[in-house]
Amino acid sequence: MNLLKKDFIFQNVIKLQGVGPQLSKYLKRKKIEKIKDIILNLPYSETDRSKISNLNNLEVGKIQTIKVLVKKLNFPRIRNLPNRIFCEDETGSINIVYFNSREGYLRKIFPLNTWVIVSGKVNYYNKRYQITNPDYVTSEDKQSYVLKNIPKYNLTKGINEKKYRLISEQITHNLPKIEDWLNNDFISSNNLLNWNDAINRLHNSDEGKNSQSKSYRRLVFDEICANFITLSQNRKIIKKRKNIKNFSETLSKKIIKILPFKLTIGQQEVLKEINQDLKSKMRMFRILQGDVGCGKTIVALISLVNVIEANYQCALMGPTEILSLQHFRLAKQIFKDTNIKIEFLSSKTNRDKKKIILENLKKGKIDLLIGTHTLFQKKINFKKLGYIVIDEQHKFGVKQRSDLALKGGDNCDVLLMSATPIPRTMMMSLYGDMDISKIKEKPSVRKKITTLSKPENKINELWIYLNKQLKEGNQVFWVCPLIEESKILDYSSVKKKFNLINEMFPNKVGLIHGALEKYEKEKVLKDFLEKKISILVSTTVIEVGIDFPNANLIIIENSNKFGLAQLHQLRGRVGRGEKKGTCILLFKEGLSKNAVKRIKILKQSDDGFFIAEEDMKLRGFGDLIGYQQSGIKNFRFADPVIHKDLFDLAEKYVRQNEQKINHKKYNFLLKLFDKAEIININES
Ligand code: ADP
Ligand code: MG
């Protein structure tokens, strides 16, 4: 055997024999770019070609292997007629049929009066067995290449099994011998396999399709480790020494005093954690998690004040124009008796204004800049940036947020805020590089949202209720789920609903969905916020944390299509003001047991963290639609539900080996899972 070099597998597939530009393009469609991606592309099944069948004993419709004597070749000169090869064995005869093939080629692989091995799907045509365009034809002396279980891979146009096999076996049969990053004791005591054996088995047995097989579990463990190691390394990069921020909290205490409410215990505790970080010698890299409506914004603003008191500038970034504007207005209001200078910047800020802001920023004349992504453009320079707060950031990956943290400079603390409570395993694998703060309770003034469910065929009963709500000056969200993956179908379903409701409540209804441009979306949301419209028909785009204090009813159609956590998020859109909120879940008749259970959980609980855990238990990780949409799912093999034990094991492993993780042997692992560039590993 001719073992490959380790480095070789990190090169482009084009380095392989038989792979040219065209084929590499096809492979790329299957996410195979580097040679190592072939290792990670596991077979989903096997085809048994190992037994030779007699011609009197063939099963139509199945892939079979036969050994036959070539009796006659027929090449009709009429277009569109296929070429035929007549073959026999001792028990019967068969036609091998080819469309679009060259005579010379067929004469070569089917020499007259010679035994050949043919493997392919058998059919029956004109009272004869035939195999059309067989998968394999080979001479007797090479039969061992065909007579076996052959792994089946998910392939795409332009690559068939035979072609892919020629490529993939160059790797899977010649795997480089790796210095395993796990030692033998660890491997055996945790019932895993060594890396080489595992990969070998994944490709050359049926273990690749069994997510609980030893070999699959080894790959899963590696994937989780690669992820945890990356986070751990990232943490090391970011949690560096910084200058201590000196503040006495005089200003922030003053502001807390004049707030129209008392901070909850949760808010106070989190503030304490943040303040400790700000005052410490190490940079803060913290995520604040808290359910919708638990009051994260005020926590952020108070902590910002402290940093401003310490004579640093701050930035607060929201995901959308409206949300950032809302933050800006709130900040203006609660800082109005201070001399803190606040500005707002977004892509819509006009050029002259922007120019002034940028100048003042550079001169240190602005203390707090609030805005959208625009805040982090290259040309935006602070004089002395000390703190970045990012709201609703769950669309940032590891790389993005660490880039951002580093862009802030050595003395810049970072706080992310997320309103998506997620299960602990996911928390670990997504934010393991950050310190975590949680706010678990909601302000006690907030009334619990009433959750009701109703079959969709009773939708007519809703109109009266809706009418009453509008008369009382309330506003309503009407949410339609993604019915199909397709944006067009999705659009047509909300559009239909919009037409229906608009007929009943003319001029009071707005429509918003994912296919709208960003500015169009923001316009509709603005109209709703300013009460120009009373009912907003939408897909799930309203999930992000905008405060519509006047909206107190949300109706969710086809609610069993949503995940629990997502329903909870949606529900949190209402009841944020004085009025009590109501959420009505519409569902189609014939709910599954699980669906009934989910509605029950939602009616009972208001705790986002609890709901997230239950959601995962009920549906499994792979099915967490809401999370997938928000880009949270970041494993290819590991599943936090099925492989929970391996997540725990990997967490322990990485923690215990933290010091050794710089060792070269882990580079291979990190490169294998495309993590190397996140933490800048180049040499192998
Ligand atoms: P989220 O955590 O979803 O970002 P917000 O910060 O937008 O929540 O707060 C939601 C609402 O709750 C705001 O109107 C805010 O003024 C109010 N709020 C925040 N903290 C408290 C509190 N301790 N008591 C009462 N209301 C509060
Ligand atoms: Mg918020």
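Whatever order the structure lists them in is the order used to number ligands and atoms, beginning at 1.
- Between the side chain of Gln313 and the main chain of Gly386, no donor-acceptor pair closer than 3.5 Å is present.
- Ligand-side atoms of ligand 1 in range of Thr264: 23 (N), range being under 4.0 angstrom from any heavy atom.
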Ignoring hydrogens and angles, write down the donor-acceptor pairs under 3.5 Å from the side chains of residues 353-367, residues two or more places apart or on other chains.
unit_1	atom_1	unit_2	atom_2	d
Lys354	NZ	Gln377	OE1	3.3
Asp367	OD2	Lys341	N	2.7

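- Checked against a 3.5 angstrom limit, the closest N/O atoms of Gly293 and ligand 1 fall inside it.
- Atoms of ligand 1 found under 4.0 Å from any heavy atom of Thr297, numbered from 1 in the order shown, are 4 (O), 5 (P), 6 (O), 7 (O).
- Proximity to Leu263 (heavy-atom distance under 4.0 Å) selects the following atoms of ligand 1: 23 (N).
- In this view, Val524 and Ile512, Ile533, Leu536 satisfy the side-chain contact (heavy atoms from CB on, under 4.5 Å) rule, not counting sequence neighbours.
- The shortest heavy-atom distance from Cys294 to ligand 1 is under 4.0 Å.
- When only interatomic distances are considered, the shortest N/O to N/O separation between Gly295 and ligand 1 falls below 3.5 Å.
- Using modelled atom types, no side-chain atom of Ser232 and backbone atom of Phe228 make a donor-acceptor pair closer than 3.5 Å.
- Between Ile255 and Ile334 the shortest heavy-atom distance is CG1-O, 4.0 Å.
- Of the candidates Glu441, Lys442, Gln267, Gln267 brings a heavy atom nearest to atom 20 (N) of ligand 1.
- Annotation: cation-pi geometry satisfied between Lys438 and Phe609 (NZ/CZ under 6.0 angstrom from ring centroid, within 45° of ring axis).
- Ligand 1 places these atoms under 4.0 Å from at least one heavy atom of Asp291: 2 (O).
- Looking at Asp391 against ligand 1, nothing comes within 4.0 Å, counting heavy atoms.
- Distances below 4.0 Å separate heavy atoms of Lys262 from the following atoms of ligand 1: 22 (C), 23 (N), 24 (N).
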Worked check of side chain to side chain contact (heavy atoms under 4.5 Å, CB included) between Tyr312 and Phe247
CA-CA 11 Å; Tyr312 282 91; Phe247 52 87; over 6 Å; no
